[in-house]
Enquirer: 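The following block contains the structure, expressed as structure tokens.
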Amino acid sequence: MTLRGALLGGIAVMALPAMALAQTAQTSVSEVVVTAQKRSEDLQKVPVSVSVVSGAKLEDFAATNLQDWSGYVPGLQLGANGSPGLVNLSIDGIGPVAAASEVGVYVNDTPLGSSSSFVGSRAFTPDLMPYDLDQIEVLRGPQGTLYGASTMGGLIKYVLKDPDLEHFSGRIGGDIFGVENGSGVGGAARAAINAPLIKDQLAVRLSVYDENTPGYIDNATTGQKGDNAVTQYGGRAALLWKPTADFSAELSAIYSRNHSDNQAIVAISQATLQPIAGPLSNINTLPEPYTQALQLYDLHLDWDLKWATLTSVSSYQRFENNNTQDLTDYLGVYLPLFGLTAEPGQVDFHQHYVLSKWTQELRLASPTGQRFEWMLGGFYTHESGVNDEIYDGNDGSGAPLTALNPLEFADLPSTYQEYAFFGDLTWHVTGWFDIGGGLRWAHNSQNFTEIVGGTLVGSSPPTTPAETVPGSSSESVLTYQVSPTIHLNSNSILYGRIASGYQPGGPNLVLPGESLPSQFFSSRLTDYQVGVKSVFLGGRASVDLSAFDIEWSKIQVSVLYPDGFSAVGNAGTARSQGFDLGGTLSPIAALTLGANLSYDDARLTQAVPSITAASGARLPLTPMWSGSLTANWTFPITEGWRGVLGGGWRYSGSRYSFVQGSTSGGAPQGLEAKAYGVVDLHLGARSEGWTVSIFAKNLLDERAYLAPASYFNDALGFPIDITAPVLQPRTVGLSLDKAF
């Protein structure tokens with residue numbers, strides 16, 4: 001029997017106890033509604049592996065970014081790189097290998113970030129402050145049929161609160177907190193208000209937030225303490241108009257900005273793989289700030305035609321990322337060799353990425369509850385990307401080399417255009433058996449121009465382009481999904497799912513005289529999945545168990561061609577096999593326990609010589625084992641006041657920064673980070689709209705690397721430095737909120 005057969009058969013065996021218990025299930029279970037299939041459906045009846053993190057849980061844990069809550073979701077792994085937004089994502093072993101993203105991020109029905117390989121979509125992930133939202137949905141496995149490009153690993157979906165047409169409400173609150181080794185006291189303020197303007201027809205919802213986190217990374221070179229302070233602020237405005245019972249229009253605008261003065265990384269010794277200057281110290285000479293800013297505007301229209309619902313989702317976003325790296329140790333010492341300075345100097349590297357993206361989706365969906373439920377739709381997007389990379393030099397005192405800067409620059413303006421058509425059909429064959437399926441055909445075309453210049457490549461003046469090279473590509477892709485479902489009873493299902501997904505290809509940079517392919521093609525994968533969902537013990541317990549076998553082909557990597565030149569190509573195959581288990585239990589009415597467990601064996605099944613990765617090498621950011629435990633207990637304090645005590649433990653096994661054993665320019669890249677576990681705790685009280693809480697994140701002050709260390713080479717290709725992003729130290733604070 002193949003491992004795939006063992007997984008698919010084994011999951012059915014593991015599900016038998018839940019099925020047996022499910023036969024006595026009651027119907028009093030509290031329903032969690034998700035929009036994973038672009039319909040509002042009961043989580044327990046959706047034949048997709050999906051987890052939900054509620055807005056209330058995020059508030060209990062004082063979560064402010066992906067790092068704070070991702071460890072409580074089975075299968076989701078985070079490679080944080082030192083600041084909110086500098087994040088790589090992986091779901092069920094499908095993670096950051098190529099330049100484009102493998103995991104999508106959505107706000108309601110709007111995709112965030114670029115689908116191309118040219119605007120830093122893998123390195124820069126929209127990292128929203130999780131405030132004033134209903135929930136976050138995490139979909140595991142390829143979602144190409146309904147969600148399209150760059151969701152082949154899965155997606156994260158922020159579901160925001162809609163304006164309420166009937167009731168006036170609001171809330172205001174704030175936090176004060178300290179961080180171990182922090183440079184000061186942190187604080188946050190937040191507020192939200194909902195106001196019906198015309199009862200039952202027109203309402204507005206407004207929310208704002210502002211949070212400041214003190215730095216906790218010291219700089220051993222400059223002597224500065226806590227130089228990685230972070231600020232996060234933003235807000236949302238939403239206007240809902242419902243002139244009739246059959247039509248609604250919601251217009252919303254979001255602004256989000258994250259800024260860190262420096263990044264939360266430490267310098268690691270090559271010889272010992274231990275911190276050079278201390279577990280919370282870096283050695284950069286020049287500042288390494290990072291800023292992420294998002295503007296998102298969308299218009300959502302729904303028209304109930306009785307026989308179907310017509311939905312239109314239009315959006316525009318401007319997503320900007322600015323990152324600076326100190327390359328003094330890599331290039332500064334070599335400036336005299338180029339005749340630029342008499343003594344070693346300083347060099348910094350600026351990355352400036354701007355995405356301007358328009359999207360339009362139209363879909364027509366049948367009413368739910370019919371024997372045949374269908375959906376037809378079309379999607380269009382147009383992206384314009386700015387990708388500027390600049391090397392600037394300073395003399396030994398830090399004064400800019402004005403006459404020589406930029407030492408080198410590379411601009412890569414690009415466009416990405418895609419149109420797609422999709423359809424989805426579910427046939428309720430009997431009262432206990434359904435079968436669903438879907439198709440999506442998409443076509444994308446891309447253009448870019450590489451513009452290179454600077455003193456080191458002979459430009460005079462340095463800002464003059466020395467070389468301009470265009471490129472273009474075009475490709476069509478078909479994805480599909482099939483999902484049979486058995487309804488064991490009203491609260492339990494057993495399902496299977498076969499689904500495909502893709503990551504778009506793109507044009508290659510081909511210089512004059514090089515014999516290279518003009519484009520690389522999309523990565524493809526197919527996920528074979530089977531799962532069981534059940535609510536039992538009278539609604540006091542639930543289980544969600546799924547097993548997967550994901551076959552990944554045409555992986556996008558750098559390929560060395562016979563003439564000695566390299567370009568992005570499609571090489572190698574991989575397989576990710578494992579299971580995700582989640583469950584809850586309420587032994588008494590006031591106590592809820594939760595547990596998640598994931599096993600994932602994700603490896604190359606074909607060697608990739610260009611990165612010196614052998615068959616069997618583990619894929620990046622994927623621990624073999626990960627999981628979490630949570631508990632929440634409410635209890636009476638005095639008349640009108642109830643206490644809340646809760647906490648969690650999240651565990652991640654060892655994982656690799658890139659493909660295990662891989663190299664780049666002779667430097668190892670696939671380095672291993674050790675396993676770690678983190679304890680979070682909160683204790684609070686609630687009464688008549690007031691909530692006061694003491695919270696602790698990383699209570700035991702665990703020292704851990706959020707992503708494995710990475711080597712960097714100097715100008716001659718020698719590895720001279722290793723850096724690693726670290727987990728935020730123990731953070732303890734007080735939170736106060738008033739709802740009205």
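The figures that follow rest on heavy atoms only: side chains count, while hydrogens, waters and symmetry mates do not.
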Enquirer: Please report the shortest heavy-atom distance between G647 and H682, naming the atom on each side.
Expert: N-NE2, 4.0 Å
Enquirer: Decide if the gap between the ring center of F372 and the ring center of W374 is smaller than 6.0 angstrom.
Expert: no
Enquirer: Answer with yes or no whether the side chains of T592 and N632 bring together a donor and an acceptor at under 3.5 Å.
Expert: no
Enquirer: Indicate whether the side chain of S542 and that of T584 have a donor and an acceptor atom separated by less than 3.5 Å.
Expert: yes
Enquirer: Taking atom types as modelled, find out whether H487 and D434 have a side-chain donor-acceptor pair closer than 3.5 angstrom.
Expert: yes
Enquirer: Check whether any side-chain N or O of Y147 sits under 3.5 Å from a backbone N or O of Y106 as a donor-acceptor pair, and report yes or no.
Expert: no
Enquirer: Are R190 and E59 within salt-bridge range, i.e. N to O under 4.0 Å?
Expert: no
Enquirer: Kindly write out the residues that satisfy side chain to side chain donor-acceptor pair (under 3.5 Å) with S366, not counting sequence neighbours, or none if the list is empty.
Expert: R39
Enquirer: Would you call the rings of W625 and F579 parallel, tilted or perpendicular, taking 30° and 60° as the class edges?
Expert: perpendicular
Enquirer: One thing to verify: whether R575 and D601 come together as a salt bridge, which I'm taking to mean a side-chain N less than 4.0 angstrom from a carboxylate O.
Expert: no
Enquirer: With the threshold set at 4.0 Å, does a side-chain nitrogen-carboxylate oxygen contact exist between R686 and D60?
Expert: yes
Enquirer: What is the minimum heavy-atom distance between G501 and T479, and which atoms define it?
Expert: CA-CG2, 4.2 Å
Enquirer: Check the side chains of K57 and Y72 for a donor-acceptor pair under 3.5 angstrom, ignoring hydrogens and angles.
Expert: no
Enquirer: Are a donor atom and an acceptor atom from the side chains of S735 and S693 found within less than 3.5 Å of each other?
Expert: no
Enquirer: Pair D600, Q77 - check side-chain contact (heavy atoms from CB on, under 4.5 Å), show working.
Expert: CA-CA 11 Å; D600 194 344; Q77 296 298 324; over 6 Å; no
Enquirer: Quick one: closest heavy-atom pair of S90 and P96, and the distance?
Expert: CB-CD, 4.4 Å
Enquirer: Could you tell me whether the side chains of R236 and S256 share a donor-acceptor contact shorter than 3.5 Å?
Expert: no
Enquirer: If we ignore angles and hydrogens, is there a donor and acceptor under 3.5 Å between the side chains of D127 and Q67?
Expert: no
Enquirer: Working to the nearest 0.5 angstrom, can you tell me the gap between R642 CZ and W633 CH2?
Expert: 9.5 Å
Enquirer: Any heavy-atom pair between the side chains of L364 and W307 that's under 4.5 Å?
Expert: yes
Enquirer: Output all residues satisfying side chain to side chain donor-acceptor pair (under 3.5 Å) with T125, sequence neighbours left out; order by chain, then residue number.
Expert: none
Enquirer: Could you tell me whether the side chain of K533 and the main chain of V48 form a donor-acceptor pair under 3.5 Å?
Expert: yes
Enquirer: Taking all atoms of both residues into account, what is the closest heavy-atom pair of A62 and D68, and its distance?
Expert: O-OD2, 3.9 Å
Enquirer: Please name the residue in the list L58, V53, V107, V159 that meets the side-chain contact (heavy atoms from CB on, under 4.5 Å) test with L133.
Expert: L58
Enquirer: Under 6.0 Å from the six-membered ring centre of F422 and within 45° of its axis: does the NZ or CZ of K38 meet both?
Expert: yes
Enquirer: Go through the steps for F548 and R497 under the test side-chain contact (heavy atoms from CB on, under 4.5 Å), then give the verdict.
Expert: CA-CA 9 Å; F548 55 87; R497 187 171 186 262; over 6 Å; no
Enquirer: Could you walk me through whether R650 and D680 pass the salt bridge (charged side-chain N to carboxylate O under 4.0 Å, His left out) check?
Expert: CA-CA 8 Å; R650 41 194 166 107; D680 304 311; 2.8 Å; yes
Enquirer: Please tell me whether S315 and T359 have a donor and an acceptor in their side chains that are separated by less than 3.5 angstrom.
Expert: yes
Enquirer: Compare every heavy atom of F61 with every heavy atom of G648, then report the nearest pair and how far apart it is.
Expert: N-CE2, 3.8 Å
